[in-house]
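Following: one structure in structure tokens, then a few remarks.
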Amino acid sequence: MLTIKDLTIQNSKGTTLLESFCFTLAPHHKAAIIGEEGNGKSTLLKAIADPQSIEKYASVSGIIDTSQAHIGYLSQKMDEKWNESEPYEYCLKNDVNELLELEQYNELENYQKLCVSLHLSPDFLQRSQKIKTLSGGEKVKLQLLKIMHEPVDTLLLDEPTNDLDIETLEWLETFLLEFDGALMFISHDETLLSRVANRIVLLETVNKKTKVMHTIANIGYDEFMRQRKEKLIKEEQLAYKEKEEYEKKQEKLNRIMSSVHEYQNTITRQDPAKGRLLKKKMHSLKSMEKRFEKEGYTKLDTREEAIDVHFEVFDWNPNKICLDLFFDQICADERILIQNVHLFVKGSEKAVIIGDNGCGKTTLIHQVYEQCKQREDLKIGYMPQNYQEMMDDECTPVEYLAKDGNKEAVTKAREFLGRMKFTRDEMLQKIKELSEGQKAKLYLVHFIIEECTMLILDEPTRNLSPLSNPTVREMLRNYSGAILAVSHDRKFIEEVADTVYEIKDKQFLLKEKR
């Protein structure tokens with residue numbers, strides 16, 4: 001069990017991320033932390049698991065009692081200091097520079113048994129392979145492998161689903177459901193949230209990120225989202241009704257004041273006594289006006305997930321051949337990943353490629369982009385898995401979107417970023433300081449401004465919050481052009497894909513045509 005009392009977290013700039021947060025995590029609690037990008041979800045988990053790890057960029061006040069918990073913590077990104085190590089070294093060592101004793105190798109047998117349950121090859125730990133060459137999903141599995149080997153009763157998982165293939169996602173759901181201890185996790189995977197979470201912690205900022213809020217609910221994710229939607233609708237209706245009544249009262253008061261003022265002007269000289277009474281009446285009306293303005297009406301907090309952007313509809317030939325590509329082989333480091341690839345996409349088709357981690361999806365989609373990027377009949381928007389491939393980290397979002405810097409382009413960039421819920425400060429800070437989800441949104445805005453007619457996307461929704469993901473899926477579903485995407489997001493596949501290709505046993509297969 002862990003207990004948190006009156007926890008407040010501020011970043012190094014003095015911005016409050018969390019205020020007066022109280023929470024208890026007990027056995028069988030499976031608490032999901034949700035919220036938009038940059039709201040402090042990862043910082044909260046780090047503060048619980050290792051307070052010293054955030055000292056350089058955040059300050060913490062309050063009580064975090066973990067004395068009764070044996071914690072296993074999965075970070076969002078694997079520490080790069082392990083890049084040159086091999087998987088077995090990561091499992092057996094506590095520090096990258098540690099020298100292994102001969103008897104420590106005996107533990108590998110236990111690790112190899114766990115590999116099977118994680119859908120890792122039995123020889124995974126025996127390969128002569130640097131960790132830096134592993135796929136994103138394999139790195140996540142490796143971290144889980146080490147955590148599962150320890151006797152933990154409390155799991156803190158920061159985006160455990162990032163880059164996991166669908167088969168392993170389904171395994172992870174079962175594992176988390178069957179875990180007897182306490183669980184607190186961050187995830188953007190709505191399917192996982194629906195099936196696993198029995199408590200929800202929502203961290204949010206409202207009113208253009210000037211006010212922090214948190215909500216704790218002892219219910220599942222689907223019920224939480226249903227209640228939240230109903231609550232926001234009721235708040236909106238109440239605010240509208242109050243505003244309407246306020247305006248009617250204001251109008252009535254203005255009419256009375258206008259009549260009194262007009263009567264004052266005509267009667268004062270003729271009848272001073274009545275003039276004094278009217279003056280007193282006007283004074284009373286002005287006092288009423290001030291009190292009325294002070295009371296006002298309920299003003300809604302502006303929610304940050306309410307993004308308001310979409311692709312403009314454009315004419316597009318439904319029979320246009322966007323992709324008709326053949327690859328005999330897709331290789332990486334002279335290793336054959338996929339054979340006999342035929343990829344066909346036409347018109348406004350949305351095609352999604354699925355497959356196990358490390359099977360070659362990202363390599364394939366990158367080669368498709370390289371072959372198509374010079375085509376004059378397509379305006380291609382490409383979102384790589386590593387966002388930095390196509391972005392200059394040192395420029396600002398406005399500079400990225402308005403490369404020529406003219407006034408009209410800058411105004412348009414600011415407008416779209418505002419509708420994507422970027423604050424003024426975020427529009428002008430360096431891209432490297434943005435969250436990964438904000439970078440994904442920046443790509444989408446770029447595609448809209450550039451009026452792209454085909455999108456090639458590698459895991460487009462993996463860093464977006466479950467609050468904004470439904471809107472993004474709707475955007476892409478209604479997009480007039482063609483889409484080729486790699487995804488493990490089951491909601492994305494279900495709601496956006498017309499065609500699903502699967503890479504299995506090095507073969508490229510048409511799995512489903514809807």
Side-chain angles (χ1 to χ4, degrees), residues 165-166 190-191 309-328 330 337-356 359-385 390 440-441 443-462 464 469-504 507-514:
D165 56 58
I166 293 173
E190 292 163 76
T191 306
V309 293
H310 60 273
F311 288 93
E312 293 295 330
V313 177
F314 55 87
D315 290 331
W316 195 241
N317 182 353
N319 296 312
K320 179 177 178 59
I321 306 302
C322 300
L323 295 177
D324 190 6
L325 299 176
F326 292 87
F327 298 93
D328 290 333
I330 298 294
L337 299 174
I338 323 168
Q339 296 176 317
N340 303 319
V341 176
H342 180 207
L343 188 57
F344 183 85
V345 178
K346 75 171 186 176
S348 300
E349 186 178 358
K350 278 70 175 171
V352 175
I353 301 171
I354 65 172
D356 293 344
C359 70
K361 301 183 299 295
T362 291
T363 304
L364 170 60
I365 207 169
H366 180 72
Q367 289 194 25
V368 170
Y369 170 68
E370 288 296 323
Q371 284 213 12
C372 298
K373 64 181 181 181
Q374 300 302 330
R375 281 179 55 175
E376 294 182 359
D377 63 325
L378 292 174
K379 178 70 173 177
I380 291 182
Y382 175 53
M383 180 192 288
Q385 193 174 97
M390 305 292 288
K441 290 178 179 178
Y443 266 106
L444 292 173
V445 173
H446 174 68
F447 299 153
I448 293 170
I449 290 176
E450 292 295 313
E451 298 180 349
C452 295
T453 56
M454 181 171 186
L455 304 180
I456 299 178
L457 313 172
D458 196 347
E459 291 285 358
T461 59
R462 69 191 177 112
L464 297 173
N469 241 329
T471 305
V472 171
R473 289 197 301 270
E474 185 179 3
M475 280 173 59
L476 296 175
R477 176 67 258 174
N478 295 330
Y479 173 61
S480 299
I483 294 176
L484 175 66
V486 166
S487 185
H488 298 141
D489 182 340
R490 289 162 287 181
K491 288 280 189 183
F492 179 85
I493 296 166
E494 177 186 341
E495 295 178 17
V496 178
D498 300 310
T499 306
V500 179
Y501 291 99
E502 182 177 20
I503 300 170
K504 194 171 185 66
Q507 297 301 309
F508 191 75
L509 309 169
L510 176 59
K511 181 179 175 67
E512 191 172 354
K513 191 86 171 176
R514 297 170 184 164

Regarding T499 and E349, do their side chains bring together a donor and an acceptor under 3.5 Å, going by distance alone? yes

For a quick check under 3.5 Å, do Y382 and H366 share a side-chain donor-acceptor pair by atom type? yes

Could you tell me if the side chain of [Y] sits less than 4.5 Å from the side chain of [X], heavy atoms only?
| X | Y | value |
| --- | --- | --- |
| E502 | F508 | no |
| I166 | I493 | yes |
| L343 | L484 | yes |
| P470 | E495 | no |

[atom1] of [X]: more than 12 outside heavy atoms within 6.0 angstrom?
| X | atom1 | value |
| --- | --- | --- |
| E451 | CD | no |
| E474 | CD | no |
| D315 | CG | no |
| D328 | CG | no |
| K511 | NZ | no |

Test item: [X] side-chain N/O and [Y] main-chain N/O as donor-acceptor pair under 3.5 Å:
| X | Y | result |
| --- | --- | --- |
| R473 | V496 | no |
| N469 | L464 | yes |
| T453 | L378 | no |

Quick one: pull up [atom1] in [X] and [atom2] in [Y] and give me the separation to the nearest 0.5 Å.
| X | Y | atom1 | atom2 | result |
| --- | --- | --- | --- | --- |
| F311 | L476 | CZ | CG | 6.0 Å |
| F344 | L325 | CZ | CG | 10.5 Å |
| I330 | I365 | CD1 | CD1 | 11.5 Å |
| I380 | F447 | CD1 | CZ | 10.5 Å |
| Q385 | D458 | CD | CG | 4.5 Å |
| T461 | D489 | OG1 | CG | 3.5 Å |

Does [X] pair with [Y] as a salt bridge, N-O distance under 4.0 Å?
| X | Y | answer |
| --- | --- | --- |
| D498 | R477 | yes |
| D356 | K361 | no |
| R375 | D377 | yes |

For [X] and [Y], work out which heavy atoms get closest and say how close.
| X | Y | result |
| --- | --- | --- |
| A351 | Y501 | CB-CE1, 4.2 Å |
| C372 | L323 | SG-CD2, 3.3 Å |
| I503 | G360 | CD1-C, 4.4 Å |
| A497 | V352 | CB-CG2, 3.5 Å |
| S480 | E312 | OG-O, 4.3 Å |
| P460 | A440 | O-CB, 4.3 Å |

(request) Applying side-chain contact (heavy atoms from CB on, under 4.5 Å), run through F327 and N340 and close with a yes or a no. (result) CA-CA 6 Å; F327 298 93; N340 303 319; over 6 Å; no

Next item on the list: Given side-chain contact (heavy atoms from CB on, under 4.5 Å), test E459 with H488 step by step and report yes or no.
Entry: CA-CA 7 Å; E459 291 285 358; H488 298 141; 3.0 Å; yes

### Chi angles and distances behind the side-chain contact (heavy atoms from CB on, under 4.5 Å) call for M454, K379
CA-CA 6 Å; M454 181 171 186; K379 178 70 173 177; over 6 Å; no

From the list V486, V500, V368, side-chain contact (heavy atoms from CB on, under 4.5 Å) with I353 holds only for V486

_Run the side-chain contact (heavy atoms from CB on, under 4.5 Å) test on F314 and Y479 for me, step by step, so that the C-alpha distance in whole Å, both residues' side-chain angles and the decisive distance to 0.1 Å come before the verdict._
CA-CA 9 Å; F314 55 87; Y479 173 61; 3.9 Å; yes

